A.B. asks: 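Below is a structure I'd like to ask you about.
All of these numbers come straight from a predicted model, not from anything done at the bench.
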Amino acid sequence: MSRNLTIDAERLWSSIMTSAGIGKGSRGGLRRLALGDADREMRELFRAWALDSGYQVRVDELGSMFVRRQGREPALAPVLIGSHLDTQAAGGRFDGILGVLGGLEVLRTLDQAGIATRRPIEVVNWTNEEGARFLPPMMASLAFAGKESVDWVRARTDKDGATVGGELARIGFAGQEPVGGRPIDAYFELHIEQGPRLDAAKVPVGVVTGGFPTRGMRIEIRGETAHVGPTPMTRRRNALVGAAHVAVAVDEIGWRYSAGEGKTTAARLDLSPNLPGIISEAATLYCDMRHPEAPELEAMAAEVETAVADCARRSRCTIEIAERWGFGGLAFDAGPIALIRKAAADLGHAIMDLRSEAGHDAYHMAAVCPAAMIFTPCKDGISHNEDEDMTREDMVPGANVLLHAVLARADR
């Protein structure tokens with residue numbers, strides 16, 4: 001009977017397509033930034049779906065939502081299925097959303113089959129996984145894992161000065177539940193690959209063995225405002241020019257390490273006053289570095305540090321690395337991975353072992369419990385883009401592997 005147990009593909013697809021109508025982007029994708037009005041609307045719908053299905057819904061102090069299906073032994077630590085419902089500014093319909101709504105479908109499928117698991121199962125929608133509005137990304141799971149404080153997360157600001165805490169209160173999702181500090185049996189996350197390998201190979205299921213080490217930096221550049229006409233070149237301290245030097249240096253470092261799959265990105269630039277006719281006095285540049293090998297990543301970061309000093313000299317600006325963060329560089333737990341492999345084998349699905357090159361909440365959860373991830377193909381590997389796409393057929397194998405792996409873990 002277990003091998004015949006399958007998700008309701010039409011119900012899951014319908015849920016995802018309903019989500020795709022909330023916060024629609026200009027080109028058919030989604031713009032559902034964390035703690036914005038569209039995020040609130042999606043959260044309210046997700047909560048309504050969960051309550052209508054008879055599940056308990058709890059919201060923690062950072063707005064992460066936990067949907068609980070009770071087990072036969074409610075006191076046991078639950079199995080968590082998680083991902084996120086927020087998106088990039090020009091994001092797709094599946095990134096994160098498949099994991100949350102796929103988790104809800106697991107609960108509904110177990111109900112429909114009349115299966116009572118020994119352990120409770122919870123589906124979590126993490127706040128601000130993307131980091132598109134508030135940095136760093138994955139901050140709610142970071143705090144859940146005890147790596148940052150709740151107050152630190154609440155105080156984070158977007159580019160307009162709005163705080164996480166203020167926006168949680170505004171949209172009505174500043175919950176009362178403590179953040180973390182409770183036993184979790186295991187964590188599973190279903191996600192589109194966000195890369196081309198599964199799609200190119202026509203393999204339906206990716207077994208994620210770990211993640212690339214990743215580093216991020218916020219770099220502050222200080223110059224001086226002046227009129228662009230009469231100010232001589234010898235008197236100029238243009239923060240935009242300083243930021244441009246840093247951005248080019250960061251890009252060149254990535255190319256030097258590209259043969260080993262190294263990547264660097266000058267990802268965002270904020271300027272002040274950012275007006276014609278005026279030399280900018282301040283700039284903030286965000287950069288990202290990734291490499292499969294931790295020593296090489298550290299070498300890349302060291303080169304950025306050296307480049308910053310040279311860029312300050314060349315632009316006559318003051319440039320400093322104001323903030324650093326990192327994630328990844330881990331191997332997922334052998335126990336959940338074995339359950340994923342067995343579920344795929346039992347269901348007759350080919351698998352491919354992969355390391356994730358993107359960030360996921362599973363990285364932080366791996367610090368507090370056994371964790372693992374399942375990837376599904378996405379068309380041409382396109383993600384963080386409104387053209388992100390997948391088919392119903394792409395979705396079903398991974399969702400069924402999630403169902404069977406979680407069922408096995410929740411019955412142990």
A.B. asks: Taking the six-membered ring of Phe173, is the NZ or CZ of Arg40 close enough (under 6.0 Å from the centre) and on axis enough (within 45°)?
C.D. replies: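 Arg40 over Phe173 ring: no.
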
A.B. asks: If only atom types and distance count, is the side chain of Glu193 paired as donor or acceptor with the main-chain N or O of Arg197 below 3.5 Å?
C.D. replies: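 Yes; at least one donor-acceptor contact below 3.5 Å.
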
A.B. asks: Return the minimal non-hydrogen interatomic distance between Trp49 and Ser15, and the atom names on each side.
C.D. replies: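 Taking every non-hydrogen atom into account, CH2-O, 3.7 Å.
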
A.B. asks: Before giving the answer on side-chain hydrogen bond (donor to acceptor under 3.5 Å, both in side chains), spell out for Arg11 and Gln112 the whole-Å C-alpha distance, their side-chain angles and the decisive distance to 0.1 Å.
C.D. replies: CA-CA 12 Å; Arg11 182 170 56 198; Gln112 194 168 312; 3.0 Å; yes

A.B. asks: Tell me if a side-chain donor or acceptor on Ser280 pairs with a main-chain N or O of Ala239 at a distance below 3.5 Å.
C.D. replies: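 Pair absent, no side-chain N/O of Ser280 close to backbone of Ala239.
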
A.B. asks: Is a side-chain N or O of Asp185 found less than 3.5 angstrom from the main chain of Ala77, in a donor-acceptor match?
C.D. replies: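 Pair absent, no side-chain N/O of Asp185 close to backbone of Ala77.
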
A.B. asks: Evaluate salt bridge (charged side-chain N to carboxylate O under 4.0 Å, His left out) for Glu122 paired with Arg58, printing each intermediate quantity in order.
C.D. replies: CA-CA 10 Å; Glu122 296 183 13; Arg58 293 176 296 117; 3.2 Å; yes

A.B. asks: Would you tell me whether Thr264 and Tyr257 have side-chain atoms, one donor and one acceptor, within less than 3.5 Å of each other?
C.D. replies: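 There is no such pair (donor and acceptor under 3.5 Å, judged by atom type) between the side chains of Thr264 and Tyr257.
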
A.B. asks: May I ask you to decide if the ring planes of His191 and His360 are parallel, tilted or perpendicular, using 30° and 60° as cut-offs?
C.D. replies: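 Ring orientation, 0 to 90° scale: perpendicular.
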
A.B. asks: Hey, are Arg133 and Gln88 close enough side-chain-wise for a donor-acceptor pair under 3.5 Å?
C.D. replies: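 Judged by distance alone, the side chains do not pair up.
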
A.B. asks: Where the side chain of Asp199 meets the backbone of Asp380, is there a donor-acceptor pair that is under 3.5 Å apart?
C.D. replies: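 Confirmed, Asp199 side chain pairs with Asp380 backbone.
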
A.B. asks: Give a yes or no answer on whether the side chain of Arg355 reaches the backbone of Pro292 with a donor-acceptor pair at less than 3.5 Å.
C.D. replies: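 Indeed, once roles are kept as given, a pair shorter than 3.5 Å links the two residues.
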
A.B. asks: When rounded to the nearest 0.5 angstrom, what distance separates CE in Met395 from OG1 in Thr391?
C.D. replies: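 Result: 8.5 Å between the selected atoms.
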
A.B. asks: Side chain to side chain contact (heavy atoms under 4.5 Å, CB included) between Val164 and Leu35: does it pass, once the steps are laid out?
C.D. replies: CA-CA 8 Å; Val164 169; Leu35 309 184; 4.0 Å; yes

A.B. asks: Starting from the C-alpha separation in whole Å, work towards a yes-or-no answer on salt bridge (charged side-chain N to carboxylate O under 4.0 Å, His left out) for Arg32 and Asp37.
C.D. replies: CA-CA 8 Å; Arg32 201 156 67 207; Asp37 291 344; over 6 Å; no

A.B. asks: Is it true that a side-chain atom of His84 and a backbone atom of Val124 form a donor plus acceptor pair closer than 3.5 Å?
C.D. replies: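 Pair absent, no side-chain N/O of His84 close to backbone of Val124.
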
A.B. asks: State, without any angle test, whether Asp111 and Tyr55 hold a side-chain donor-acceptor pair at a distance under 3.5 Å.
C.D. replies: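 There is such a pair (donor and acceptor under 3.5 Å, judged by atom type) between the side chains of Asp111 and Tyr55.
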
A.B. asks: Do Glu10 and Ser14 have a side chain donor and acceptor closer than 3.5 Å?
C.D. replies: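 Looking only at side-chain atoms, Ser14 and Glu10 do not form any donor-acceptor pair under 3.5 Å.
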
A.B. asks: Kindly say whether Arg412 contributes a backbone atom to a donor-acceptor pair with the side chain of Arg118 at under 3.5 angstrom?
C.D. replies: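 Judged by distance alone, yes, a pair lies under 3.5 Å.
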
A.B. asks: Show, in sequence, the C-alpha distance, side-chain angles and deciding distance for Asp394 and Arg392, and conclude whether the salt bridge (charged side-chain N to carboxylate O under 4.0 Å, His left out) test is met.
C.D. replies: CA-CA 5 Å; Asp394 292 330; Arg392 205 172 322 203; over 6 Å; no

A.B. asks: Check step by step if side chain to side chain contact (heavy atoms under 4.5 Å, CB included) holds for Phe144 and Ile184.
C.D. replies: CA-CA 11 Å; Phe144 190 95; Ile184 304 297; 4.2 Å; yes

A.B. asks: Here's one to test your reading of the geometry: is the NZ or CZ of Arg182 within 45 degrees of the ring axis of Phe66 and under 6.0 Å from its centre?
C.D. replies: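 Checked: cation-pi criterion met.
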
A.B. asks: The test is side chain to side chain contact (heavy atoms under 4.5 Å, CB included); show your working for Ser315 and Asn238 and say whether it passes.
C.D. replies: CA-CA 7 Å; Ser315 65; Asn238 191 335; over 6 Å; no

A.B. asks: Looking only at side-chain N and O atoms, does Glu130 offer a donor or acceptor that is under 3.5 Å from a partner on His384?
C.D. replies: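 Per modelled atom types, His384 and Glu130 side chains form a pair under 3.5 Å.
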
A.B. asks: Could you tell me if Asn400 and Thr6 have a donor-acceptor pair between their side chains, going purely by distance under 3.5 Å?
C.D. replies: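 Yes - a donor-acceptor pair under 3.5 Å links their side chains.
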
A.B. asks: Rounded to the nearest 0.5 Å, how far does CE of Met289 lie from CD1 of Ile253?
C.D. replies: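 Between atom CD1 of Ile253 and atom CE of Met289 there are 8.5 Å.
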
A.B. asks: Please step through salt bridge (charged side-chain N to carboxylate O under 4.0 Å, His left out) for the pair Glu320 and Arg222, ending with a clear verdict.
C.D. replies: CA-CA 9 Å; Glu320 64 174 355; Arg222 293 287 177 266; over 6 Å; no

A.B. asks: Please tell me if the side chains of Glu323 and Met217 come closer than 4.5 Å, counting only heavy atoms from C-beta onward.
C.D. replies: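 Glu323 vs Met217: side chains apart.
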
A.B. asks: If I take atom CG from residue Leu142 and atom CG from residue Asn128, how far apart are they, to the nearest 0.5 angstrom?
C.D. replies: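 Nearest 0.5 Å value for the CG-CG distance: 11.0 Å.
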
A.B. asks: Could you grab the distance from atom CD1 of Ile97 to atom CZ of Arg93, nearest 0.5 Å is fine?
C.D. replies: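 Rounded to the nearest 0.5 Å, the CD1-CZ separation comes to 9.5 Å.
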
A.B. asks: Assess whether side chain to side chain contact (heavy atoms under 4.5 Å, CB included) is satisfied between Leu5 and Ile115, documenting all intermediate values.
C.D. replies: CA-CA 10 Å; Leu5 183 67; Ile115 296 173; 3.7 Å; yes

A.B. asks: Verify whether one side chain among Gln194 and Asp95 offers a donor that lies under 3.5 Å from an acceptor in the other.
C.D. replies: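 Yes - a donor-acceptor pair under 3.5 Å links their side chains.
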
A.B. asks: Might you point out which heavy atoms bring Gly166 and Thr163 nearest each other, and give the distance in Å?
C.D. replies: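 Scanning both residues, the minimum pair turns out to be N-OG1, 2.9 Å.
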
A.B. asks: Is any side-chain N of the basic residue among Glu224 and Arg316 closer than 4.0 Å to the acidic one's carboxylate O?
C.D. replies: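 The answer is no: the pair does not qualify as a salt bridge.
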
A.B. asks: For Arg409 and Thr117, which I'm curious about, is there any donor-acceptor pair between the side chains at under 3.5 Å?
C.D. replies: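 Judged by distance alone, the side chains do not pair up.
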
A.B. asks: Indicate yes or no for a side-chain donor-acceptor contact from Glu388 to the backbone of Ser383 under 3.5 Å, with no hydrogens or angles considered.
C.D. replies: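 Looks like no, no N/O pair under 3.5 Å.
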
A.B. asks: Quick one: pull up CZ in Arg218 and CG in Asp270 and give me the separation to the nearest 0.5 Å.
C.D. replies: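 Reported to 0.5 Å precision, the distance equals 10.5 Å.
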
A.B. asks: Can a donor-acceptor pair be found, under 3.5 Å and without considering hydrogens, that links the side chain of Ser258 to the backbone of Glu261?
C.D. replies: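 No, because the side chain of Ser258 does not come within donor-acceptor range (under 3.5 Å) of the backbone of Glu261.
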
A.B. asks: Okay, side chain of Tyr187, backbone of Gly82: is any donor-acceptor separation there less than 3.5 Å?
C.D. replies: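 Judged by distance alone, yes, a pair lies under 3.5 Å.
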
